[in-house]
Every structure is written in C-alpha cells, then in structure tokens.
Amino acid sequence: MLTRREALLGSVLAAAAVATVGSMPAMASAKEVAGLPREKVTLVAPPFVHAHDQVAKSGPKVVEFTMTIEEKPMVIDADGTQLNAMTYNGSIPGPLMVVHEGDYVELTLINPDTNTLAHNIDFHAATGGLGGGALTLVNPGEQTTLRFKATRSGTFVYHCAPGGPMIPWHVVSGMNGAIMILPRDGLKDDKGKPVRYDHIYYIGESDFYIPRDEQGKFKKYDSAGDNYDDTVKVMRGLIPTHVVFNGKAGSLTGENAMKAKVGETVLIVHSQANRDTRPHLIGGHGDHVWEQGKFANPPAKDLETWFIRGGSAGAALYTFLQPGVYAYVNHNLIEAVELGATAHFTVDGSWDDDLMMQVEAPRAIAS
Amino acid sequence: MPLNPILALGGLACALFTLGATGAVGWLPVPDREFLARSELVTLAPGSFAHPLPGEFLRQNHPVSAPVVRATVAEPFEIMKYQVSASDYRRCVMAGACKPADGRGSGNVPVTGVSHIDAEAYADWLSAETGSAWRLPTDVEWAYAAGERFRGDIEAGETDPNNPAQRWLVQYRTEASLGRQPDPQPRIRGGFGPNSKGVADIAGNVWEWTSTCYVHTTEAADGAGIASSIDNCGVHVVEGFHRTYMSNFIRDGKSGGCAVGTPPDNLGFRLVRDRLNLVQAAIRWLRLS
C-alpha cells in the first residue's frame, strides 16, 4: 500500500524514466541558436498580455521567459470557496507568452522550496520530449531551463504534466496557460489581407472540481495533497463544480471588465486545457476566428459562437461597432450563469441607430 | 394587470391603520406575547421623506432615472428591529407551514435562502400563530425604516437619449465603483448595527423582500405625472445595499437578477405588524379560537 507521498514520488520517477528516452537538441543547432539575438520578456497576469510586435521587426531570436510556480489557496467564487491552487506565476491561467514563428522560446521554470509538489510544463507548441514535460520536471527547490523552437504559428495550450494521475489533477488545479506564436508578418484574414488588433485579452477557462462535505458545502483543505483523494472522486464524475474564466467567477467583471471603444479591434485568445467550451460575445460576433487557433489556416468569418476543444486555445478577432456592456460567455448558459463562465466588456462610443434602435419602448399591448 | 398608481404608495401602505396600539394589546393571545418577548419591534413615527420610486421609467420613449417623490407615512407603524432569524423561521418549518430555507446559518442569524413566496408563507403562519397581522413592508415603509442607509436603484442620471449604451455603461461603472465585495456569510443578528431609527442590519449582507411589485411606468411627455404603467407582481422589489428586483420564486439572489453588476449576497426579510382595531382583533381572535 503506497502512502500519498510515495504515490507522488512514484509519479516523479515515472516521468524521469520517460525523460531518459526524450530527444535532445543537436549540438549544431545549439551553436546556431547561440548566435541569435536574445530578448528578455517579463510576463504579465491575464487577461493582459506583455507588450509585443504584431509583425516581427527582425529575424528569429531567442525569447527568454521566467515562470515561478506557486502553490497557494485561491478563492474561486463569491462564496469564498477555496481551491488549493497550483499556478504558473501565481495566476490562473498562467500568463500568455507571445513570440513569432521561427523564434526560440527559452523558459526558466522555478519551483521554490515553499512548494510541496514536483511540477513540469508541456507546451503543445513544442515538438518532442512530451512537449517539454520530459525535460522540465522540477522538485521543490529546483529550477530548470527549456528551449524549444516555435515552428508552427497559432495559439497553443501549455500545462503541467508530471505523470499519470498527477496530470489531470495539476491541470484542473490551475496549472495551464497558453502561448501565441504569431506569423512573422502578422495575422491575415481569409483572403490573406493583414489584420491587426488594438487590444489583446487572454481568457483561460478552468473547470474546477471542489469536493463537498455531508451538508453539501464545499470543503477546505490545508494543502493540495490533502484534497487529492476527494478531488479525484469529483473529477471522475466529469461534472465540474465551477467553470470560470481567469481563476474565479467574476474575475473579469465590474472594475475588472475588459475595455474597448467603438471602432477598436480586439483579439481574444481563449484557452481551455481540459474540457470543451464554446465562447460567445453577446451582442457581438467573431469577425475572424481561428477556432483551432492555428494561424496557417484561414480564419472562419462572422461566427456567432466558436468551439474551443479541450486541450487547445483559439483566437477571435472582433471590431466593436456599438457601445455598451457586453457579456462574453461560455454559451453553455448553465456554465456561464450558474457555474461562473461570464466576463464583461465595457465599450464606449456613439450608438449606431442603423444597426439597432428601439422603435417603441415597452408599453401596454394595443387593444 | 391593472396598476396601482404608485405615487400613492406612501398613503396606501397605511390605509389599514385605524387605531392606536394601546387598545389592541389586551386582545393578544398568549403565543403572541411569547413571540414578542423574544422579538423586538421598532415603532416608527409618521413622517414624510424624499423617495425615488421603484421600477423602470420611460419618458418620450427613453429610460430615465426614477422620479423622486414626497412619500408619506401617515400613521405610526411597527417593524421588526432585526430580520427574521433562522431559528424563528425554523419554527414555521417545523409547523409544516414553511419550506426549509436554503440558507447557510442556523440559530440567531437572519434566515437566508428564502423566496418572496417563503416570506409570505412565514407572515401568514406567524399571523395565525400570534393573532396579529404580520406582512412584508412596502418599498416605501422599508425605505422609511432604512433611513440614512437607503440607497435605491443604482441610477445613471442624465444620459444622452440617442445613445442607450451610455446609461448601461454609467450604471455598470457606478455599481462597480462602489467596490462592494461579496460577503455571503450571514452574521449574528445585530452584526451590522442599528441605524438612526434603531432598526438593525439594514443594508448589511442580507437583502430583504418587500410587498411592492416591479413596474414599468411611462411618464407624461412633460414629465409631470404618469401616462401609463404596467406592473408585474411575479417580480417584487428587494431592498438592501441597493434596490433590485427578483422573481418571487428566487431564493438565491446571485442567480436571480442583476444580469450585470453586484448581486445580493443573500435574500431574507423582516415583517411589519399591522395594528388591528378592536373589531378586527376580536374577529381574528375568535377565528383562532
């Protein structure tokens, strides 16, 4: 009979065994890379995205990122329900990283000794080595640096994958995010015409599985390890207790609502590392949508709702045409309203009567 | 549905008060005395005050802020000092007259997780139990009792009638800027303290049902009076940190209204006791016997 600690360590060993068969980059390639210019990027917490060029101004470079893993309790709804969160850089989702196709992503991953679990990172954008998972497993007190070449453009999920049953548990505890690899010459519409955005927002949708006590109230645990057995039981039911954007019901509403003006174009990157979802902008559209997130494919036009497969990130471009308060939801409306997957945009500007007007306000039915 | 002219609400609320309190006390059956020994009432003296009317208002086809009227409370009235407690509500449940609440607390905390239907069931049960006439306060009565803690709807003020989005944005931002954080855990009654009138826990973290219906009102073109209005008594006015409107069957305010903005943390209620004249009290007492 394994103790929980032994079980956790067991998964570490299993992942290490996988690492020995993972591929290593060739020396020649490494030399070439050494000659490339380097850029250090400081990541910012979602829904915001670090400053970046939409069109690359020079040739490929090595873009350096650092992420520190934080295990910490986080409140995920208005009732104060607590998740023993595992995070990249302290946020759920982890920060959006932006590079250009042909760049090298060089990530230093730090697992401080204040954490209790081993973690790693699997980039869906990376090739080989379990997306980097095989080369990045760090125990508390360790750090590692991974470099991978951004060979395909698009939005891609990254997530923790420390082996076996640890994988889904870490992912639904918050350890996921996305990287956006832009074409060097920027985004293009379905006809190949360049398109640009005035704002970019990153929304990471999470499905959480919080155990309940005998009275049906959500339970609190001292540490992540303590909740494991109970949480897995809820996870195996496949019905989340919470479906939220950016780590918490209401995280992108009120003072934190996303902002735009009429006439401005917004790129919304939406990731879901575990479960399918269907974003919808109430009162708006997806002008150009890379539903699968991959920019080598022409974007779909004029979508009402788009589908983000679990384990992927998509991107939707929209130019606001009318002012107001817009809700951006997972259009399973039960998940949007009851489970938390609702965000807001506030959009200033002039009203266009041609697009919509109230011809007659509500009044008594004419007899 | 036909409409009560809502400008008359202040007077209407007090139409039943025909006699002072002293005459009725001797008629109280025993259970009422027991209940009153545990529950405190605040008697509010008559008065008038500026009051923004509840509901939605249109002028020349455009939404406008609610008109502020001079509301009058013509007779003294008695209102519970505290919101109905979880333990008092439980007595009604035990008696089979109320549905169990969905609320979080027990004992001396306000009952929460109750709908308008539940609140009315409790008032009916308590009235039968005590021989007094208990009911939900009207919007005007609640506002009068709330005194300086009354906020009303979150209004946008004057906005460009040619840009309906302005009003939505101003309301949204006003509400957001109030910065109220969710505070779902009900506190021991009295935890939010009394207001200047001695009424406790007004505008704390339990919003309260009233007996006033939701209404759409069209103002006269010159703004001086009402052209027409349609009420919807499937939705009632709920009062607290702000005024809002909830369908009668909603027990959890978070999913019951306020599509954008701050939803009520909890739904509860307090009651008003109507003073009966000698004849009414006698009829009620005889019916109970």
Side-chain angles (χ1 to χ4, degrees), chain A residues 75-81 215-218 248-262 282-283 320-329 333-334 336-340 342-353 355-367, chain B residues 1-3 56-64 102 104 106 156 159-185 205 215-219 227-232 252-266:
Chain A
V75 170
I76 58 169
D77 63 22
D79 293 334
T81 303
Q215 278 85 48
K217 290 181 183 162
F218 289 120
K248 183 183 181 183
S251 66
L252 298 174
T253 64
E255 294 283 20
N256 299 319
M258 296 173 284
K259 291 168 186 65
K261 293 190 177 70
V262 169
I282 301 178
F320 282 98
L321 302 175
Q322 196 79 294
V325 181
Y326 288 75
Y328 177 89
V329 299
L333 294 169
I334 302 162
V337 176
E338 297 291 338
L339 301 190
T342 299
H344 294 147
F345 279 93
T346 55
V347 180
D348 287 284
S350 299
W351 183 265
D352 183 348
D353 277 341
L355 286 171
M356 180 182 282
M357 71 175 297
Q358 187 177 46
V359 176
E360 184 181 58
R363 66 175 179 97
I365 296 167
S367 51
Chain B
M1 247 177 289
L3 176 83
E56 307 279 346
F57 292 83
L58 292 172
R59 191 185 307 151
Q60 292 171 331
N61 228 18
H62 293 295
V64 292
D102 287 338
R104 307 156 192 275
S106 59
T159 54
D160 180 0
N162 295 316
N163 186 348
Q166 260 191 18
R167 186 165 168 274
W168 306 332
L169 286 161
V170 172
Q171 283 177 324
Y172 186 81
R173 288 176 179 143
T174 303
E175 189 161 346
S177 70
L178 293 171
R180 190 177 190 284
Q181 297 302 311
D183 177 17
Q185 199 56 47
N205 64 359
V215 61
H216 275 184
T217 303
T218 302
E219 296 181 7
S228 67
S229 61
I230 301 279
D231 67 1
N232 173 1
D252 177 359
K254 280 193 288 300
S255 52
C258 295
V260 294
T262 317
D265 293 310
N266 295 290

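On a predicted model such as this, the values are computed, not experimentally measured, just so you know. Chain letters run A, B, ... following the sequence lines, proteins first and then strands; every chain starts at 1.
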Fill in: Part of Q358(A) within contact of chain B (heavy atom distance under 4.5 Å)
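Its backbone and side chain both get close to chain B.
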Fill in: Proximity breakdown for D77(A) and chain B, heavy-atom pairs closer than 4.5 Å
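Neither part.
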Which heavy atom in [X] sits nearest to a heavy atom in [Y], and how many Å separate them?
X: T218(B); Y: P362(A); value: OG1-O, 4.5 Å
X: W351(A); Y: N162(B); value: CB-O, 3.6 Å
X: Y172(B); Y: A257(A); value: OH-CB, 3.6 Å

Fill in: Gap separating the CD atom of E338(A) from the CG atom of D252(B), nearest 0.5 angstrom
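So the CD of E338(A) and the CG of D252(B) are separated by 8.0 Å.
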Worksheet entry | Spatial distance of atom CD (E255(A)) from atom CG (L178(B)) [nearest 0.5 Å] |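 Atom-to-atom, E255(A):CD and L178(B):CG are 9.0 Å apart.
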Worksheet item: Between V347(A) and W168(B), does a side-chain contact (heavy atoms from CB on, under 4.5 Å) hold up when you go through it step by step?
Response: CA-CA 10 Å; V347(A) 180; W168(B) 306 332; over 6 Å; no
Worksheet item: NZ of K261(A): more than 12 outside heavy atoms within 6.0 angstrom?
Response: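 Check fails, neighbour count at 12 or below.
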Worksheet item: Crowded around I334(A) CD1? As in, over 12 foreign heavy atoms under 6.0 Å?
Response: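 No, CD1 of I334(A) has 12 or fewer neighbouring heavy atoms, counting only those of other groups under 6.0 Å.
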Worksheet entry | Contacting region of R167(B) [heavy-atom separation from chain A under 4.5 Å] |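 Answer is neither: R167(B) stays 4.5 Å or more from chain A.
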Practice prompt. Check whether L169(B) gets within reach of chain A through its side chain, its backbone, both or neither, counting any heavy atom under 4.5 Å.
Written response: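 Interface part for L169(B): both.
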Worksheet entry | Residue among G179(B), A227(B), P184(B) with most heavy-atom pairs under 4.5 Å to chain A |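 Answer, by heavy-atom pair count under 4.5 Å with chain A: P184(B).
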Worksheet item: Can you tell which of P323(A), G349(A), S350(A), G80(A) has the highest number of heavy-atom pairs within less than 4.5 Å of chain B?
Response: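 Max contact count across the listed options: P323(A).
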Worksheet item: Is there a donor-acceptor pair under 3.5 Å between the side chain of D79(A) and the backbone N or O of P182(B)?
Response: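 No, because the side chain of D79(A) does not come within donor-acceptor range (under 3.5 Å) of the backbone of P182(B).
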